[in-house]
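A quick write-up on the structure given underneath.
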Amino acid sequence: MKPAWDQLGDEYADSTSVVVGDADCTADGKELCDEFEVRGYPTIKYFTGETGPKGEAYNGGRSYDDLKKFVEDTLEIKCLKDNTEGCSDKEKDFMDKWTSKTADEVAAQKSRLEGMSGGSMKPELKKWLHQRLNILKQL
């Protein structure tokens, strides 16, 4: 798994939305691993605004392709306010609409969506919810 992990780290070395790191829980990283409740090795954890401070365990495939797909689908923010090249038309429309709103309106919408994020919904709706949250966080 280490070669796939290192390849993923190289792929995202210049990313503004994804950080790939590792810690040796048997040596210098033991304190960090204890803090984030890592008990078995190797363990992969990911962190988003929805995972909480301890992160969530990744239980998917361990090949480079599996890891990259997870990052692309779950972690990577492709739609950026300053570079809309990675935005879908739907995201661009949402961004245009909310760019003209006041800071209070943006904060209220962000709070509303964050409240919905823990609820049960279809995967495509959850993805759209997170896309909107990522846009609002940039405004």
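Sequential numbering from 1 along the given sequence is applied to the chain's residues.
Annotation: Lys69, atom NZ; neighbour count of heavy atoms from other residues, nucleotides and ligands within 6.0 Å does not exceed 12. No more than 12 heavy-atom neighbours from other residues, nucleotides or ligands sit within 6.0 angstrom of CD on Glu85.
By the criterion of side-chain heavy atoms lying less than 4.5 angstrom apart, applied directly or through intervening Ile, Leu, Val, Met, Phe, Trp or Tyr residues, Met95 is grouped together with Val106 in one hydrophobic cluster. Cluster annotation: Phe94 and Met121 are assigned to the same hydrophobic cluster (Ile/Leu/Val/Met/Phe/Trp/Tyr, side-chain heavy-atom contacts under 4.5 Å, transitive).
Inspection of the Thr99 and Asp96 side chains reveals no N or O donor paired with an N or O acceptor under 3.5 Å.
Once rounded to the nearest 0.5 Å, the distance linking CD of Glu91 with OG1 of Thr84 reads 10.0 Å. For the atom pair CD (Glu114) and CG (Leu136), the distance works out to 9.0 Å, reported to the nearest 0.5 Å. A distance of 11.0 Å separates CG in Leu139 from CG in Asn134, rounded to the nearest 0.5 Å.
Grouping Ile, Leu, Val, Met, Phe, Trp and Tyr residues whose side-chain heavy atoms lie under 4.5 Å apart, directly or via other members, places Leu67 in a hydrophobic cluster with Met1, Trp5, Leu8, Tyr12, Val18, Val20, Ile44, Tyr46, Tyr58, Tyr64, Phe70, Val71, Leu75.
For residues 25-39, every residue pair satisfying the side-chain hydrogen bond (donor to acceptor under 3.5 Å, both in side chains) rule, not counting sequence neighbours, is listed here: Asp24-Thr26, Lys30-Asp34.
Looking only at distances, a side-chain donor or acceptor of Ser63 sits under 3.5 Å from a matching main-chain atom of Asp66. For the pair Gln138 (side chain) and Cys79 (backbone), a donor-acceptor distance under 3.5 Å is present.
Glu105 has its side chain within reach of Trp98: a pair of non-hydrogen atoms, C-beta onward, lies under 4.5 Å apart. In this structure, the side chains of Phe47 and Glu56 stay at 4.5 Å or more apart for every pair of heavy atoms.
With respect to the salt-bridge test (charged N to carboxylate O, under 4.0 angstrom), the residues Glu11 and Lys68 qualify. Look at Lys2 and Asp6 and you find a salt bridge, because one of the NZ, NE, NH1 or NH2 atoms lies within 4.0 Å of a carboxylate O, short of that distance.
Residues Lys45 and Val38 share a closest heavy-atom pair of CD-CG2, 4.2 Å. Minimum interatomic distance between Lys97 and Lys101 (heavy atoms only, all atoms of both residues): O-CG, 3.5 Å. Among all heavy-atom pairs drawn from Leu129 and Ser117, the shortest one is CD2-CB, 3.7 Å.
Applying the salt bridge (Lys or Arg N to Asp or Glu O under 4.0 Å) rule to Lys90 yields no partners; only residues at least two apart in sequence or on another chain are considered.
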